[in-house]
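Below is one structure; the comments refer to it alone.
Please read all numbers here as calculations on a predicted model, not as lab measurements. As the structure lists them, so they are numbered: ligands from 1, and atoms in each ligand from 1.
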Amino acid sequence: MKELILILDFGGQYTQLIARRVRECHVYSEVVPWNTPLSDLLARRPRGIILSGGPASVHDEDAPQIPAALYDAGVPILGICYGMQLTALLLGGRVEKAAQREYGRVAVRMKDQQGLLGGLKSVSSCWMSHTWQVTSCPPGFRVIAETDNCPVAAMVHEEKKICCVQFHPEVTHTEDGSMLIRNFLFRFCGCSGDWTMSAFADSAVRQIRKTVGETGTVLLALSGGVDSSVAAALIYRAIGKRLTCVFVDHGLLRKGESDQVCHVFSHLFPVRFIRADAAARFFTDLKDVTDPEEKRHIIGRDFIEVFKAEASALGKMDYFAQGTIYPDVIESGQGANAAVIKSHHNVGGLPKELGFTELIEPLRMLFKDEVRALGETLGLPRELVWRQPFPGPGLAIRIIGAVTPEKAEIVRESDAILREEIAAVGLDRHVNQYFTVLTNLRSVGVMGDERTYDYTVALRAVTTDDFMTADWARLPYDLISRISARIVNEVSHVSRVVLDVTTKPPASIEWE
Ligand code: XMP
């Protein structure tokens with residue numbers, strides 16, 4: 001990687017966002033722990049280093065620290081919030097408790113219209129979240145921004161190329177934040193912004209070839225989702241048919257998806273493709289199971305068993321490939337304390353069980369939107385690349401109560417209608433996730449003078465940035481009306497359609 005920005009993570013809630021903003025400027029960036037040894041940091045020859053925010057106070061005894069020598073290494077530095085306060089303290093400035101804590105959007109007066117602040121409005125709305133602040137700059141620094149309550153909202157040491165901001169340029173609430181980050185990258189670090197997805201694909205292909213060698217073979221579990229599909233396309237480009245993809249079809253995918261996966265990986269990217277048609281087994285094992293967690297466990301277990309049986313029939317493979325992406329990598333280091341609300345269908349332990357010690361994870365440094373961009377660069381179909389998230393246990397957790405092939409058909413058909421109608425009005429790129437749920441509720445209706453006693457289908461459509469919180473999407477009434485009419489007319493055994501109007505929290509996105 002020619003141009004690299006390292007982000008030292010002090011535990012701030014926006015650290016990942018800093019990495020994203022930098023990459024949006026076509027400069028590659030990585031988040032590393034704050035206590036990474038200085039020699040390791042410098043060995044990677046970063047063009048610049050960004051010090052993130054963090055929850056600690058620089059005056060705490062056990063506050064994260066960095067060696068002051070970092071500031072003499074000749075690498076441009078941008079300190080954000082905690083990163084600014086740490087810089088001030090280490091270089092001889094003063095950090096004190098603010099008379100008034102600033103939280104939220106604050107008007108910041110820019111005292112400079114050049115350098116770091118070039119192109120920013122003279123009074124700009126910025127996102128603040130701090131209790132402590134710099135009250136006196138270290139020698140050699142110049143104050144370049146202030147607020148009513150914060151005398152040093154930004155400071156810079158031009159010669160040493162050290163910039164610091166108390167506000168958070170990485171969050172979208174800071175109106176000119178991206179401009180400030182651009183200025184740091186291009187004016188201070190001398191970056192040119194030459195990181196593109198096709199450059200990434202070329203270097204990833206080289207890396208895979210180097211790892212796998214001339215004759216090595218790779219096994220990949222293809223789910224049909226975006227990440228594993230993009231990983232497969234990339235590895236195919238590197239080693240062709242030495243990649244074997246096993247696709248476990250549990251019969252609980254959306255309409256048309258299973259055939260599409262087969263088509264893509266037999267024709268467009270003709271890997272050695274194995275489809276395990278295991279629907280009958282999954283439906284048998286799920287028979288009469290109504291508890292959501294039990295459904296998940298059965299599906300997870302069956303998936304692993306089917307996959308293992310297919311893999312051992314293939315003989316020995318050298319590497320196991322996974323579509324792990326950057327948020328998975330970061331979260332697996334931090335999310336240890338999160339409560340288990342729903343046990344996710346997880347194949348994390350699979351490689352070990354199969355006896356693999358070597359893993360290939362070519363997407364582990366990419367964010368989701370970058371994975372999609374890479375998929376498009378590699379030539380995967382748009383519908384596949386832009387597919388919305390889909391749970392590993394599939395439609396089983398969208399059928400309340402016992403799962404049967406007939407009920408799966410009802411969800412599949414009603415979901416297809418919902419998707420078609422949403423796409424027809426161009427809302428598919430705006431609503432982040434939408435699907436139908438077969439409630440276990442039957443009600444009385446009348447159809448062609450006959451009494452009916454059929455199922456109720458619920459429509460669930462949400463808007464969300466991160467899927468941790470979500471709002472219900474305000475779909476137009478006439479669209480809802482078309483969807484409802486089509487579902488009751490075209491899908492057998494459905495006589496009623498309702499709309500889910502709950503946010504997450506308290507509800508979750510899926511019903512189970
Ligand atoms: P919830 O229902 O927890 O869903 O609000 C948040 C997001 O996660 C997806 N989801 C899953 N994804 N395995 C997955 O891979 C699962 O078991 C699973 N359960 C929920 C859900 O579709 C939503 O995007």
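Of all the atoms in ligand 1, the ones that sit under 4.0 Å from a non-hydrogen atom of P389 are 24 (O). Near R296, the atoms of ligand 1 lying under 4.0 angstrom from a non-hydrogen atom of the residue are 16 (C), 17 (O), 18 (C), 19 (N). Heavy-atom proximity to G392, at under 4.0 Å, picks out these atoms of ligand 1: 13 (N), 14 (C), 15 (O), 16 (C). Below 4.0 Å from some heavy atom of S508 lie the following atoms of ligand 1, by number and element: 1 (P), 2 (O), 5 (O).
Under 4.0 Å from ligand 1, the heavy atoms of P393 that appear belong solely to its side chain.
Residues meeting the ring pair (Phe, Tyr, Trp, His ring centres under 6.0 Å) test with Y82, sequence neighbours left out: F10.
Salt bridge present: E24 and R21 bring a charged side-chain N and a carboxylate O closer than 4.0 Å. Using a cut-off of 4.0 Å between Lys/Arg side-chain N and Asp/Glu carboxylate O, R460 and D415 are scored as not salt-bridged. Under 4.0 Å is where a charged nitrogen must lie from a carboxylate oxygen, and between R382 and E376 at least one such pair does.
When only interatomic distances are considered, the shortest N/O to N/O separation between R398 and ligand 1 does not fall below 3.5 Å. Ligand 1 has a nitrogen or oxygen under 3.5 angstrom from a nitrogen or oxygen of I509.
The aromatic rings of F269 and Y236 lie perpendicular to each other, with more than 60° between the two planes, well past the 30° mark.
Considering only non-hydrogen atoms, atom 22 (O) of ligand 1 lies nearest to E510 out of K504, Q388, M468, E510.
Evaluated for a side-chain contact (heavy atoms from CB on, under 4.5 Å) with I50, the options L8, I181, V22 yield exactly one hit, V22.
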